[in-house]
There are 2 protein chains.
Amino acid sequence: MLSTTEENYLKALLQLTIEQVDKSEAGTNELAAHLGVKPATANDMLKKLREKQLIHYEKYGKSSLTVEGRKKAIEIVRKHRLWETFLYEHLGFTWDEVHEVAEQLEHIQSSKLIDKLDELLDYPSFDPHGDVIPSATGEMKIPEKKTLNEETVGHQCKMVGVKDNSATFLQYVDKVGLRINQPIKVLARQPYDELIEIEVNGLKSSVSPRFADNIIIVCHDCETQTRTC
Amino acid sequence: MLSTTEENYLKALLQLTIEQVDKSEAGTNELAAHLGVKPATANDMLKKLREKQLIHYEKYGKSSLTVEGRKKAIEIVRKHRLWETFLYEHLGFTWDEVHEVAEQLEHIQSSKLIDKLDELLDYPSFDPHGDVIPSATGEMKIPEKKTLNEETVGHQCKMVGVKDNSATFLQYVDKVGLRINQPIKVLARQPYDELIEIEVNGLKSSVSPRFADNIIIVCHDCETQTRTC
DNA sequence: TATTTTTGTTAGATTAACCTAACATTTATA
DNA sequence: TATAAATGTTAGGTTAATCTAACAAAAATA
Ligand SMILES: [Mn+2]
Ligand SMILES: [Mn+2]
Ligand SMILES: [Mn+2]
Ligand SMILES: [Mn+2]
C-alpha cells in the first residue's frame with residue numbers, strides 16, 4: 001500500500017511528463033518545486049520509489065514512471081477527477097472549489113467506492129475543468145491541446161481547460177462568459193494590438209493574448225490526434 | 001488543525017465516555033486497546049492533547065474530553081455517520097461495508113463538503129446502523145437504549161443498532177430479517193430455555209439470549225428519556 | 001576551454017507516531 | 001495490611017517525511 005505522500009509524488013511525476021507537453025521525464029528540482037518541498041526531500045523519495053520499482057531514476061539523471069508507477073499515478077488522477085465531478089455535479093461546488101477537496105479525497109482507499117462513484121456519475125469522460133478522466137482499466141486519452149492564443153483564425157474550437165488555476169483567474173473566466181466544453185469561434189486577430197476576436201455563444205468579444213494564453217482549447221477543425229497511454 | 005491521529009484519539013475518548021454507558025472518563029490502557037496502539041503511545045498523545053486543551057488528564061488519572069475536545073469529537077462522529085449514510089443510500093453499500101470507508105472519509109477537511117452532503121441526504125438523523133447523527137450545531141441526542149434481551153415482554157420496540165459489528169454477525173442479522181428502525185414486538189420468553197419470541201414485520205420467530213444481547217433497541221413503550229450533550 | 005550558474009546529492013537534525021523494556025503507582029485480594 | 005495483579009509512565013529507539021547547510025556534478029556561457 002502506498003502512502004499519501006508516495007501517491008502525490010507519482011501523480012506529480014505523471015503531470016510533469018505524459019500529461020504536460022511531450023516530455024517523458026522530470027528533474028529533481030522541478031518535481032520538488034511542483035510538490036512544494038525542498039530538492040533534498042524529493043531526492044530521498046526518488047530513491048525510495050526506485051526501490052519500489054515505481055520510477056526510473058539514476059543519480060544526477062531525470063526521473064520517469066515505470067509501467068507499474070504510471071498505472072498507480074493514473075489511478076490517482078482518475079479518483080481525483082471523479083471526485084471533482086461529483087463535487088461539481090452533485091454537491092453544487094463551483095469549478096474553482098473542487099480541486100482542493102479532491103486533493104484529499106483522491107487518497108481514500110476503496111475500489112468499490114470509486115467504481116460506485118463512477119456509476120453514480122454515469123461514467124463521465126471529463127472533469128469540471130475539461131480534463132480527461134482515465135477509464136477504470138487505466139486508459140487515458142490525451143487529446144491534442146493548444147492555447148486559444150495559438151488557434152488559427154477562422155477555426156472553431158472548444159475550451160477544455162485553463163493554465164492558470166488561481167481563483168482570481170477562474171472567476172474572471174466565468175465572468176467573461178467562457179465555460180468548459182463551450183464552442184469558441186476565432187474570428188480575427190487585430191494586427192495592431194494582437195487582440196483576438198472571438199465569438200462565444202453568439203456573443204462577440206475581444207481578449208488579450210495574455211488571457212488567451214491561459215485558455216486551453218481543442219480545435220474542431222485541426223487534426224485531433226488522440227493518443228492513449 | 002488536528003492530525004488524523006489526534007482526531008482518532010478524540011473520537012475514541014468520546015466513544016468510551018458519553019457514547020458508551022454513563023461513564024465520563026477512560027483509562028490509558030482502555031483507550032490504547034480501543035485504538036489498537038500500545039499504552040505508551042496513548043500516554044504520549046494524552047499529554048499532547050492536554051497541552052492543546054482538548055482533554056482533561058493527570059498523571060495516573062483517567063482522561064476525559066474538555067468542552068472544546070468534545071466539540072471536535074462530535075464533529076468527527078457527525079462526518080463519519082453522514083458519510084456512512086451517503087455510502088449506504090447513494091452508492092449501494094451494505095451496512096456492514098460502510099464503516100471501514102467512513103473511517104477514512106471522516107478526516108476530510110471541508111466544512112462546505114459536509115454541509116452539502118448533509119443537504120444532499122436531506123438532513124438525516126440516523127446512520128445506517130441506527131446511530132444518531134449529531135446536528136451541524138454539535139448537538140447529539142442520545143436516546144435511551146437497551147438490548148433486546150433486556151426488553152419487557154409485551155412491549156414494542158425498534159432495533160437501532162448492534163453491539164457486535166463483525167461482518168459475520170451483521171450478515172446473520174440481515175438473514176434473520178432484522179433491519180434498522182424496524183419495529184419488533186416481544187411476545188414471550190420461554191422459561192425453559194430463555195428463548196425470546198418476537199414478531200418482526202408480521203413474522204414470528206425465536207432468538208437466543210446471546211443473539212438478543214447484541215441487538216440494541218429503543219423501546220416505544222418505556223419512558224424514552226432523551227438527553228443532549 | 002575555463003568559469004559560472006544551475007541542478008542534484010549527502011549529511012545531519014527535527015517532528016509525529018509508533019514501538020519495547022523497565023519502572024512506578026494504584027487497586028485488588030489473600 | 002502485605003502482597004500480587006493491573007494499570008500507567010518513562011526512557012530510549014525506529015520510521016516516514018520533512019528541513020538546512022555543505023558539497024558535487026552537469027550545463028550554460030563567457
Ligand atoms: Mn484538480
Ligand atoms: Mn480537474
Ligand atoms: Mn461506523
Ligand atoms: Mn455507524
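Residue numbering restarts at 1 for every chain, and letters A, B, ... go by the order of the sequence lines. Predicted model, so just to flag it, every value in this text is computed and none were measured.
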Provide the closest heavy-atom pair for B:Glu106 versus B:Trp83 in the form atom of the first, atom of the second, distance. N-CD1, 4.1 Å
Quick one: sort the B:His99 and B:His129 rings into parallel, tilted or perpendicular, breaks at 30° and 60°. perpendicular
Can you give one letter per nucleotide of nucleotides 12-20 of chain C, going 5' to 3': B for a protein heavy atom under 4.0 Å from the base, S for sugar-phosphate only, - for none? ----SSBBB
Is any side-chain nitrogen or oxygen of A:Asn29 closer than 4.0 Å to OP1 or OP2 of C:dG8? yes
Taking atom types as modelled and ignoring hydrogens, do the side chains of B:His80 and B:Asp127 form a donor-acceptor contact shorter than 3.5 angstrom? no
Check the distance between C:dG8's C1' and A:Leu35's CG and give it to me in whole angstrom. 16 Å
Between the main-chain N or O of B:Tyr57 and the side-chain N or O of B:Arg50, is there a donor-acceptor pair closer than 3.5 Å? yes
For a quick test of reading the model, state the closest non-hydrogen atom pair linking B:Ile217 to B:Leu148 and the distance between them. CG1-N, 3.8 Å
Can you tell me if B:Thr147 and B:Asn149 form a side-chain donor-acceptor pair at under 3.5 Å? no
Separation of B:Arg50 atom CZ from D:dT9 atom C1', in whole Å? 12 Å
What's the CG-P distance between A:Leu46 and D:dA16, to the nearest Å? 16 Å
Distance-minimising heavy-atom pair for A:Leu121 and A:Leu82: CD1-O, 3.4 Å
Just how far, in rounded Å, is P of D:dT9 from CG of B:Leu31? 11 Å
Measure all distances between protein nitrogen or oxygen atoms and nitrogen or oxygen atoms of nucleotides 24-26 of chain D, and list the pairs falling under 3.5 Å.
unit_1	atom_1	unit_2	atom_2	d
D:dA25	O4'	A:Tyr60	OH	3.4

Atom-pair distance (CG on A:Asn43; P on D:dA22), nearest Å: 18 Å
Quick one: is A:Lys47 getting a side-chain N or O under 4.0 Å of the C:dT10 phosphate, OP1 or OP2? yes
Sort by first number and list every stem of DNA chain C: at least 3 consecutive Watson-Crick or G-U wobble pairs, both distances under 3.5 Å. C:1-30 with D:1-30
What are the two closest heavy atoms between A:Ala102 and A:Leu87, and how far apart are they? N-CD1, 4.3 Å
Give the intermediate values and the outcome of side chain to side chain donor-acceptor pair (under 3.5 Å) for residues B:Thr66 and B:Glu68. CA-CA 5 Å; B:Thr66 61; B:Glu68 191 57 25; over 6 Å; no
Main chain of A:Ile108, side chain of A:Lys79: is a donor-acceptor contact present, judged purely on distance under 3.5 Å? yes
Rounding to a whole Å, what distance do you find between B:Glu30:CD and D:dA6:P? 16 Å
Scan side-chain atoms only and decide if A:Glu7 and A:Thr4 contain a donor-acceptor pair under the 3.5 Å cut-off. no
